[in-house]
Student: 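What follows is a single structure, and I will ask about it in a moment.
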Amino acid sequence: MKEDREPTGFEMAVYDVVRRIPKGKVSTYGAVARAAGRGSARSVGSALARNPFAPEVPCHRVVRADGALGGFSGHTEGPEMDRKTRMLREEGVEVRDGAVDMTRFGAGLE
DNA sequence: GTTGTGACGGGTC
DNA sequence: CGACCCGCCACAA
């Protein structure tokens, strides 16, 4: 188990970017990292894995560059992932075999 | 300061 | 198209 801790400046920057992802669209870890102005896809993933602002921060709208969902609530597989998929569909995002069509649902964070 | 880890990404084979 | 490898950057010990 990872010990709880206060969010760092970098993590807050990531949450701020993710928070403004429009409903019905998704973004990628790499795009968020660029939008935050620093860090990388790995860093963003680590930050969201500790996301203490759910559901205020829609971490479920952040997926991998290849369209795969990535993870949710600290899990990369299991029932938590099903929940993430359902949430996306709820917002109008088409999820096909655990992946999203980035060419149609990719947010304009690029 | 060094080492290991991770919800990643892109390139090569 | 899958397996493999390397680079990436922030964080904890």
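Worth knowing before you read on, the calculation uses all heavy atoms, side chains too, and leaves out hydrogens, waters and symmetry mates. Chain letters run A, B, ... following the sequence lines, proteins first, then strands; residues in each count from 1.
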Student: Tell me the interatomic distance from A:Arg34, atom CZ, to B:dG9, atom P, rounded to whole angstroms.
Tutor: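 About 13 Å, once rounded to whole Å.
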Student: Look up atom NZ in A:Lys23 and atom CD1 in A:Ile21, then write down how far apart they are to the nearest 0.5 Å.
Tutor: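 Atom-to-atom, A:Lys23:NZ and A:Ile21:CD1 are 14.5 Å apart.
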Student: Holding to side chain to side chain contact (heavy atoms under 4.5 Å, CB included), I want the full list of residues that pass it with A:Arg89, two or more places apart in sequence or in another chain.
Tutor: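 A:Arg89: side chain to side chain contact (heavy atoms under 4.5 Å, CB included) contacts with A:Thr85, A:Val95.
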Student: Mind calculating the distance between OH (A:Tyr29) and P (B:dA7) to the nearest angstrom?
Tutor: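 So the OH-P distance, A:Tyr29 to B:dA7, works out to 9 Å.
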Student: Please identify each residue that fulfils salt bridge (Lys or Arg N to Asp or Glu O under 4.0 Å) with A:Glu90, with sequence neighbours left out.
Tutor: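 Checked A:Glu90 against salt bridge (Lys or Arg N to Asp or Glu O under 4.0 Å); zero matches.
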Student: Which pairs, protein N/O on one side and nucleotides 10-13 of chain B N/O on the other, fall under 3.5 Å?
Tutor:
none

Student: Quick check for you: to the nearest 0.5 Å, what is the distance between A:Asp16 atom CG and A:Arg20 atom CZ?
Tutor: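 Those atoms lie 6.0 Å apart.
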Student: Show every donor-acceptor pair shorter than 3.5 Å between a side-chain atom in residues 75-82 of chain A and any protein atom, with sequence neighbours excluded, or say none if there are none.
Tutor:
| unit_1 | atom_1 | unit_2 | atom_2 | d |
| --- | --- | --- | --- | --- |
| A:Glu80 | OE1 | A:Arg83 | NH1 | 2.7 |

Student: Distance check, rounded to the nearest 0.5 Å: A:Ser27 atom OG versus A:Arg34 atom CZ?
Tutor: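 Interatomic distance, A:Ser27 OG to A:Arg34 CZ, rounded to 0.5 Å: 11.5 Å.
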Student: What is the separation between atom CZ on A:Arg64 and atom C1' on B:dG9, rounded to the nearest whole Å?
Tutor: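 Going from A:Arg64 (CZ) to B:dG9 (C1'), I get 9 Å.
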Student: According to a strict under-4.0 Å criterion, is A:Arg5 in side-chain N/O contact with OP1 or OP2 of C:dC11?
Tutor: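 Checking C:dC11 against A:Arg5, no side-chain N or O comes under 4.0 Å of OP1 or OP2.
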Student: Tabulate protein N/O versus nucleotide N/O from nucleotides 5-10 of chain C, keeping only pairs under 3.5 Å, one per line.
Tutor:
| unit_1 | atom_1 | unit_2 | atom_2 | d |
| --- | --- | --- | --- | --- |
| C:dG7 | O6 | A:Arg42 | NH2 | 3.0 |
| C:dC9 | O4' | A:Ser40 | OG | 2.9 |
| C:dC9 | O2 | A:Ser43 | OG | 2.9 |
| C:dA10 | OP1 | A:Gly39 | N | 3.3 |
| C:dA10 | O4' | A:Ser43 | OG | 3.2 |

Student: What is the distance, rounded to the nearest whole Å, between atom CD of A:Glu80 and atom C1' of B:dA7?
Tutor: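 One finds 13 Å between C1' of B:dA7 and CD of A:Glu80, rounded.
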Student: Per the ring-ring contact (aromatic ring centres under 6.0 Å, His included) rule, what does the pair list look like for residues 29-63 of chain A, sequence neighbours excluded?
Tutor: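 Qualifying pairs, neighbours excluded: A:Tyr15-A:Phe53.
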Student: So, using salt bridge (Lys or Arg N to Asp or Glu O under 4.0 Å) as the criterion, who are the partners of A:Glu94 when residues are at least two apart?
Tutor: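 With neighbours one apart ignored, the set is A:Arg104.
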Student: Could you pull out the protein-nucleic contacts involving nucleotides 1-4 of chain B (nitrogen or oxygen on both sides, under 3.5 Å)?
Tutor:
none

Student: Rounded to the nearest angstrom, tell me the gap between atom CG in A:Asn51 and atom C1' in B:dA7.
Tutor: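 Taking CG of A:Asn51 and C1' of B:dA7, I get 11 Å after rounding.
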Student: Distance check, rounded to the nearest 0.5 Å: A:Leu48 atom CG versus A:Ser73 atom OG?
Tutor: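 The CG atom of A:Leu48 sits 11.0 Å away from the OG atom of A:Ser73.
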Student: Give every donor-acceptor pair under 3.5 Å between a side-chain atom in residues 7-14 of chain A and any protein atom, sequence neighbours left out.
Tutor:
| unit_1 | atom_1 | unit_2 | atom_2 | d |
| --- | --- | --- | --- | --- |
| A:Thr8 | OG1 | A:Glu11 | N | 3.4 |
| A:Glu11 | OE1 | A:Arg5 | NH1 | 2.9 |
| A:Glu11 | OE1 | A:Thr8 | N | 2.9 |
| A:Glu11 | OE2 | A:Arg5 | NH1 | 3.0 |
| A:Glu11 | OE2 | A:Arg5 | NH2 | 2.7 |

Student: Do you know the tightest heavy-atom contact between A:Phe105 and A:Gly92?
Tutor: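 Looking at all heavy atoms of both residues, the shortest contact is CE2-O, 3.4 Å.
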Student: Mind checking what makes side chain to side chain donor-acceptor pair (under 3.5 Å) contact with A:Ser40, not counting sequence neighbours?
Tutor: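 Only A:Ser43 meet the side chain to side chain donor-acceptor pair (under 3.5 Å) criterion with A:Ser40.
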Student: Kindly give the atom pairs (protein nitrogen or oxygen, nucleotide nitrogen or oxygen) under 3.5 Å for nucleotides 1-3 of chain C.
Tutor:
none

Student: Whole-Å distance between C:dC11 P and A:Leu48 CG?
Tutor: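 Atom CG in A:Leu48 sits about 13 Å away from atom P in C:dC11.
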Student: Under the salt bridge (charged side-chain N to carboxylate O under 4.0 Å, His left out) rule, what pairs show up with a residue in residues 53-66 of chain A, not counting sequence neighbours?
Tutor: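 Salt bridge (charged side-chain N to carboxylate O under 4.0 Å, His left out) check on residues 53-66 of chain A returns A:Arg61-A:Glu91, A:Arg64-A:Asp66.
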